[in-house]
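Since the structure comes first, as C-alpha cells, the remarks are kept for the end.
Just so we're on the same page: letters track the sequence lines, and every chain starts at 1.
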Amino acid sequence: MSSTLLRTVPALRGALRASGTPKAAGALASTSFVRGKATLPDLPYDYGALEPYISGKIMELHHAKHHQTYVNGLNSALQTIAEAESKGDFTKAATVAPLLNFHGGGHLNHSLFWENLAPASREGGGEPDGALKKAIDTDFGSFDSFRRQMNTALAGIQGSGWAWLVKDKSAGTLGLVTRANQDPVSGPYVPLMGIDAWEHAYYLQYENRKAEYFEAIWNVINWKTVASRFEKA
Amino acid sequence: MVNFSNLLQYLALQSPLGSDSTNTTVNLAKMGLTAYTLPALPYAYDALEPHISAQIMELHHAKHHQAYVTNLNKALESHVAAVAHGDVATQIALQQAIKFNGGGHINHSLFWKNLAPAGSAEASLDRARSLVSEIEKTWGGFDQFKTAFSAALLGIQGSGWGWLVREAGNGAGLRIVTTKDQDPVVGADVPIFGVDMWEHAYYIQYLNGKAAYVENIWNIINWKTAEERFTGQSEEKTEL
Ligand SMILES: [Fe+2]
C-alpha cells in the first residue's frame, strides 16, 4: 500500500507541477515521474470492513471503478502531454491541463482518503490524542467544534467535492478547506484528513440523506494516519 | 412551474418594508410574492422505465428537487428580511444560495418536461421537424449531433448539466453548452432540452456506468417539448 503511494504520488506531483501548480516539497526527490505510471493502490482493509458506516458495495465501486478511472485518466493525460512535448506541441500539452488536474486530483484525493479511513473495530473512530488533539483544541476550540465545522463545510458543498482538515504550513495552524470536484489541496496547505462529498461516496446507502453519511463517517476516521501526517507536515 | 418573473420582481424590490416587517420571520407571502412549489411530474415515477428507474425518479423529484425549492424559499425569505433591515452584507452572502437553489429549481423543472416515456408520441423525433432540420444543418446529421452532445455530457467533471440551447440574436444558431453544479443557462439563450449529469440522476441504476445512462436518455427525450421551446411556442418562454 504505502509503496504504491510512494510510487504514484510523486508522479502526480511532478505532473501537477508541469501544469503550473506550485510543486510540493520533496517532489523532486523522485525521478520516477517521467516513466512512472500511476497505479491503483490496494485498500488497507477489505471492502466490507467499514460497514455498517460505509457499505462494502460502495467501497468496491468507489475503489475498483471510480478510483481506477482516475488512475487511467491520469496516465492517459500524462501520455498525451509526453507525446505533445516530444513534438514540441506545447499548445496541445496545455489543453490537457484540466484533465490532468481532474484525474490527477482524483487519484491523489482517493489515495489519501482510503488511508485516513479504518474499520471501527481497528483504528477507526474515536478522537485524536497527543499533539494533534492539542492543535485541534487550539485552532477549533474543541474536537466537537471541529467536527461540527467540518460537517457544516461538507453540507455546504454545492455539487461534487471534498472537505479537508489541513495544516497551513505558512501560518503553522490547522484549518478546514473545501475543494470542488477533484481539485487537489495545494499551496501552503498540507492535507491531513479528507472526506469525499461526491454522491458516489454515499448514495447507494444513504441516498439523498447526505447528512447521515457525514455523521457516520466519523466512526471510521483513522486518527493514527491523520496524526502521522500532522507530525510530518 | 417555475415563475421566474416572480424572482425578478422580488429582486427588484429593494426598498425597506413597512413598519410591521421588523420581525425576522418575514415570509414571501407577506411580500405579496408566491413561494416556489414543487411542480408535479407530467408522468408517473415509473413512466421512464427501463431507462430511468422509478426509485431514481421518486428520489430525484420528491427529495432532491423539493430540497432546491425549500432552500430557495428559505434563502429568499432571509433575503427579504435582510432587505427590510438594510443589511447589505447578508443580502450579498445569500446570493450564492439563491443562485444554487434557484438554478436547481429551474433546471429540474425544465428537465422533467423535456423527458417523456419511451415509445410515446412525444418521444418521437417526428414531433421536432424544424428542430431536427436545424440540428442536421448545424452538425451535419442527427447522429453527429448525438455523438457531440453525448461527449459533452461525459466530459463534465463533477456535477453539472448538458444543454442544447438556441442562441439569442441575429443568425441565432443551436449550440451545446454544459453548466456546472446547478448553474442555469443564462443570458438570452433558450434551453431546448437538458440532461442532468449529477450522480443522483443515475447512480442507483447505472452505478459508475454513466455512459449507459447517456445512451439510454436518447430514448426518453420529449421532442414535442424540445420543438416548442425551439420555435418559441412554449408557455415556459415567458415564465422562465
Ligand atoms: Fe470519490
Side-chain angles (χ1 to χ4, degrees), chain A residues 55 57-74 76-77 95-107 109-110 152 155-162 178-184 196-213, chain B residues 53-72 75 93-105 107-108 151 154-161 178-184 196-213:
Chain A
S55 76
K57 187 161 188 208
I58 287 178
M59 289 303 295
E60 181 167 2
L61 283 160
H62 204 169
H63 176 258
K65 303 292 184 184
H66 291 278
H67 191 167
Q68 182 68 61
T69 300
Y70 295 118
V71 168
N72 296 347
L74 170 58
S76 142
T95 60
V96 187
L99 284 170
L100 185 61
N101 182 69
F102 182 67
H103 292 286
H107 177 42
N109 292 338
H110 287 92
T152 302
I157 293 172
Q158 296 179 334
S160 301
W162 293 74
T178 59
R179 287 289 177 271
N181 302 324
Q182 296 296 354
D183 289 351
D196 190 345
W198 279 60
E199 289 175 323
H200 66 232
Y202 62 84
Y203 208 85
L204 287 182
Q205 185 174 358
Y206 296 96
E207 299 173 342
N208 62 302
R209 305 178 309 279
K210 61 181 175 180
E212 288 178 26
Y213 159 68
Chain B
S53 74
Q55 191 192 4
I56 287 179
M57 289 303 294
E58 182 164 1
L59 283 164
H60 202 169
H61 177 257
K63 303 292 183 183
H64 290 278
H65 190 169
Q66 180 65 64
Y68 294 118
V69 170
T70 303
N71 291 325
L72 172 61
L94 286 163
Q95 294 303 312
Q96 188 51 36
I98 293 171
K99 182 182 179 186
F100 180 68
N101 293 293
H105 180 38
N107 291 339
H108 286 91
L154 294 173
I156 293 171
Q157 297 179 341
S159 302
W161 292 74
T178 59
T179 55
K180 69 175 178 59
D181 303 327
Q182 293 299 353
D183 289 358
D196 190 347
M197 289 305 291
W198 280 60
E199 288 172 324
H200 66 232
Y202 61 83
Y203 207 85
I204 286 179
Q205 183 177 359
Y206 292 94
L207 306 174
N208 62 304
K210 63 179 172 180
Y213 163 67

Q.
Heavy-atom cut-off 4.5 Å, strictly under: side chain, backbone, both or neither for Leu207(B) against chain A?
A. side chain
Q) Between His60(B), His65(B), His64(B), which is the residue that forms a side chain to side chain donor-acceptor pair (under 3.5 Å) with His108(B)? A) His60(B)
Q | Gln182(B) portion near chain A, given a 4.5 angstrom heavy-atom threshold | A | neither
Q: Mark yes or no for whether Trp198(B), through its side chain, and Asp181(B), through its backbone, hold a donor-acceptor pair below 3.5 Å.
A: yes
(Q) Heavy-atom cut-off 4.5 Å, strictly under: side chain, backbone, both or neither for Glu207(A) against chain B? (A) side chain
Q: For the residue pair Ser159(B) and Asp196(B), establish whether any side-chain heavy-atom pair is separated by less than 4.5 Å.
A: no
**Q.** Winner by heavy-atom pair count (cut-off under 4.5 Å) against chain A, out of Gly158(B), Ala97(B), Ala67(B)
**A.** Gly158(B)
**Q.** Between Gln157(B) and Asn181(A): side-chain donor-acceptor atoms closer than 3.5 Å
**A.** no
Q) Sub-3.5 Å donor-acceptor pair from the side chain of Glu199(B) to the main-chain atoms of His200(A), do we have one? A) yes
Q) What residue in Ile204(B), Asn101(B), Leu59(B) has the most heavy-atom pairs under 4.5 Å with chain A? A) Leu59(B)
